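Take a look at the structure below.
Here the structure is a predicted model, which means the values were calculated and not measured.
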Amino acid sequence: MEHQAEAKLLSPTRRELLQASIELTNHTLSYIKSMALRCAVQLGVADAIHRCGGQVSLDGLLATLSLSPSKLPYLRHVMRVLTASGVFAQADGGGYRLTPVSMLLLSDTGDDGGCRSLLQLVQLKLSPFCVSPATKLAEWFTTKDEETPFAMTFGTDWWGLCGRDPGFGVFFNGAMACDSRFLMDEVIHEKGDVFDGVTSMVDVAGGTDGAAKSVAAAFPHIKCTVLDFPQVINGIPAAGQVEFAAGDMMDFIPQADALLLKFVLHDWNDEDCVNILKRCKEAICSREQKGKLIIIDVVVGSPSQATCHEAKILFDLLISTLTPGWERDEKEWSGLFKEAGFRETTSSHLC
Ligand SMILES: C[S@@+](CC[C@H](N)C(=O)[O-])C[C@H]1O[C@@H](n2cnc3c(N)ncnc32)[C@H](O)[C@@H]1O
């Protein structure tokens with residue numbers, strides 16, 4: 001029986017091969033979905049539908065976007081791909097409407113200061129800074145010296161490009177701040193008890209306008225400090241309980257009851273992660289009371305819905321093309337904590 005099953009696998013029927021060829025076409029053209037999304041983001045389709053009251057015909061969309069009538073069939077094709085993938089939906093009586101996915105692409109989400117928009121993050125992920133390195137993946141596998149496909153593409157690492165090209169730095173920091181507004185809203189709502197008993201917190205490598213701001217707004221008694229490179233935070237005025245400290249986390253991290261590392265460790269290899277974790281341990285253990293290190297990052301393979309698992313493994317491969325880091329599974333995380341000397345750890349999952 002086993003032998004027969006194997007033989008069948010090796011000799012697919014004509015019908016199976018035809019089906020396989022269709023699947024292969026879909027895998028091969030997956031990037032067209034991303035590019036249709038990029039096109040919609042650049043044209044501002046979600047905002048246009050929103051401006052039209054949440055529903056618009058194809059002609060109405062063309063007019064709202066101020067596009068030439070000759071582009072109408074092409075706009076229909078872009079919208080057909082994006083409605084088939086659930087980014088937009090077909091409206092009753094024709095035309096298009098927003099879905100929860102495209103609501104995240106609105107540039108202004110109303111009274112919440114844009115905390116439910118992921119537009120800037122999507123713009124970054126669909127930009128040549130993230131897309132071009134992925135086209136060099138196979139070339140990178142066959143080289144010895146280049147650290148990442150990103151460095152191969154841009155001649156410097158991610159932080160080097162942020163320093164060399166201030167426009168890129170602003171673009172990147174804006175995207176991370178957008179991620180923080182969205183995610184911290186969820187973290188504070190779902191896991192806010194992690195901040196119980198905390199009176200001071202350092203957001204290590206916290207960027208420009210990120211997690212610390214959300215924590216300070218939700219817990220006004222917590223004095224928050226953001227540590228990041230001088231070129232990232234110099235010039236940002238202290239706001240409320242959030243202060244900024246310029247420095248290199250590899251060398252020194254200011255003391256606090258709690259430290260936060262949000263989407264930092266996934267940028268680094270194991271050796272650098274252990275170094276960062278050791279610096280964190282020094283900063284919380286030099287206090288009289290035992291401190292707390294809060295890490296917000298991806299755990300590959302943790303109990304997840306299929307959509308969440310797919311997002312994690314795709315994000316992992318993206319991060320691996322951009323930085324020397326990757327997304328870790330539970331065992332890899334435990335190994336890092338042990339190596340850095342942390343004994344008590346607990347984990348909790350959002351998805
Ligand atoms: C992926 S971003 C995460 C930013 C922020 N934690 C967030 O989630 O929005 C990584 C951050 O690490 C900062 N960074 C990288 N190397 C650093 C270093 N050696 N010392 C301090 N900050 C550093 C970058 O400037 C950037 O703001």
Side-chain angles (χ1 to χ4, degrees), residues 103-127 129-130 158-159 162 168-192 194-195 198 200-220 222-229 231-233 235-246 249 253 256 258-268 276 280 292-299 308 311-312 315 318-319 322-323 325 327 348-351:
M103 282 174 172
L104 295 173
L105 299 175
L106 293 172
S107 55
D108 178 4
T109 55
D111 296 338
D112 58 7
C115 83
R116 306 313 291 177
S117 171
L118 285 175
L119 180 64
Q120 287 170 283
L121 189 65
V122 172
Q123 285 169 333
L124 174 71
K125 286 181 182 160
L126 291 171
S127 74
F129 299 111
C130 289
W158 188 276
W159 316 121
C162 284
F168 170 63
V170 170
F171 180 47
F172 167 60
N173 293 326
M176 288 315 301
C178 163
D179 177 69
S180 286
R181 283 192 294 274
F182 182 85
L183 195 61
M184 291 312 291
D185 194 45
E186 204 59 30
V187 168
I188 288 164
H189 196 259
E190 294 292 321
K191 315 280 177 190
V194 76
F195 298 101
V198 173
S200 59
M201 186 192 87
V202 175
D203 186 4
V204 180
T208 47
D209 187 14
K213 195 169 165 185
S214 305
V215 172
F219 307 102
I222 302 181
K223 184 177 168 295
C224 295
T225 305
V226 177
L227 173 76
D228 211 299
F229 285 134
Q231 64 270 25
V232 174
I233 58 168
I236 304 179
Q241 325 91 286
V242 181
E243 287 178 357
F244 291 88
M249 66 179 164
I253 293 172
L259 303 181
L260 177 66
L261 283 172
K262 173 180 163 283
F263 288 145
V264 173
L265 295 175
H266 73 174
D267 293 335
W268 301 94
I276 296 165
C280 289
K292 190 188 277 191
L293 172 61
I294 303 164
I295 299 175
I296 300 175
D297 221 314
V298 169
V299 182
C308 190
K312 288 175 181 182
F315 194 44
L318 172 67
I319 286 292
L322 305 179
T323 73
E327 302 301 349
S348 168
H349 305 282
L350 273 179
C351 75

Task: Heavy-atom donor-acceptor pair, K312 side chain to V299 backbone, under 3.5 Å - done: yes
Task: side chain to side chain contact (heavy atoms under 4.5 Å, CB included) between L121 and F182, intermediate numbers included - done: CA-CA 10 Å; L121 189 65; F182 182 85; over 6 Å; no
- [ ] Quick one: list whatever passes salt bridge (charged side-chain N to carboxylate O under 4.0 Å, His left out) with E186, sequence neighbours left out.
- [x] R116
- [ ] Please check if the side chain of K213 supplies one atom and the backbone of S180 the other of a donor-acceptor pair under 3.5 Å.
- [x] no
TODO: Mind listing the closest non-hydrogen atom pair of F219 and G192 along with its distance?
DONE: CZ-O, 3.8 Å
- [ ] Spell out, as yes or no, whether a donor-acceptor pair under 3.5 Å connects the side chain of K262 to the backbone of A205.
- [x] no
Open item on the list: For the NE2 atom of H266 and the CD1 atom of I295, what is their distance to the nearest 0.5 Å?
Closed with: 12.5 Å
- [ ] Return the orientation label for the F315 and F263 ring planes: parallel under 30°, perpendicular over 60°, tilted otherwise.
- [x] perpendicular
Open item on the list: Please enumerate all residues that pass salt bridge (charged side-chain N to carboxylate O under 4.0 Å, His left out) together with K223, with sequence neighbours excluded.
Closed with: E243
Task: Test side chain to side chain contact (heavy atoms under 4.5 Å, CB included) applied to V264 and V204, step by step - done: CA-CA 8 Å; V264 173; V204 180; 5.7 Å; no
TODO: Go through L350 and L183 one step at a time and tell me if the side chain to side chain contact (heavy atoms under 4.5 Å, CB included) criterion holds.
DONE: CA-CA 10 Å; L350 273 179; L183 195 61; 4.1 Å; yes
Open item on the list: Once rounded to the nearest 0.5 Å, what's the spacing between atom CG of L259 and atom OG1 of T225?
Closed with: 10.0 Å
- [ ] Output yes when a side-chain donor or acceptor of S117 lies under 3.5 Å from a complementary backbone atom of L106, and no otherwise.
- [x] yes
Open item on the list: Given 3.5 Å as the limit, does a donor-acceptor pair link the side chain of D228 with the main chain of G207, or not?
Closed with: yes
Open item on the list: Has N173 got a side-chain atom pairing as donor or acceptor with T208's backbone, closer than 3.5 angstrom?
Closed with: no
Task: Pairwise distance CD1(I253) to CD1(I276) - rounded to 0.5 angstrom - done: 7.5 Å
Open item on the list: Could you check whether any side-chain heavy atom of C130 comes within less than 4.5 Å of a side-chain heavy atom of L318, counting everything from C-beta outward?
Closed with: yes
TODO: Give me the one residue out of V242, I222, V198 that meets side-chain contact (heavy atoms from CB on, under 4.5 Å) with V215.
DONE: I222
- [ ] Output the distance between atom CG (D203) and atom CZ (F244), rounded to the nearest 0.5 Å.
- [x] 9.0 Å
Task: Any donor-acceptor pair under 3.5 Å from Q241 side chain to P220 backbone - done: yes
TODO: Indicate yes or no: at least one non-hydrogen side-chain atom of M201 is less than 4.5 angstrom from one of F195.
DONE: yes
TODO: For the residue pair S214 and D185, establish whether any side-chain heavy-atom pair is separated by less than 4.5 Å.
DONE: no
- [ ] Assign the ring pair F129 / F171 to parallel, tilted or perpendicular, where the plane angle (0 to 90°) is split at 30° and 60°.
- [x] tilted
- [ ] Please examine the side chains of D297 and L261, heavy atoms only from C-beta on, and report whether any two atoms are closer than 4.5 Å.
- [x] no
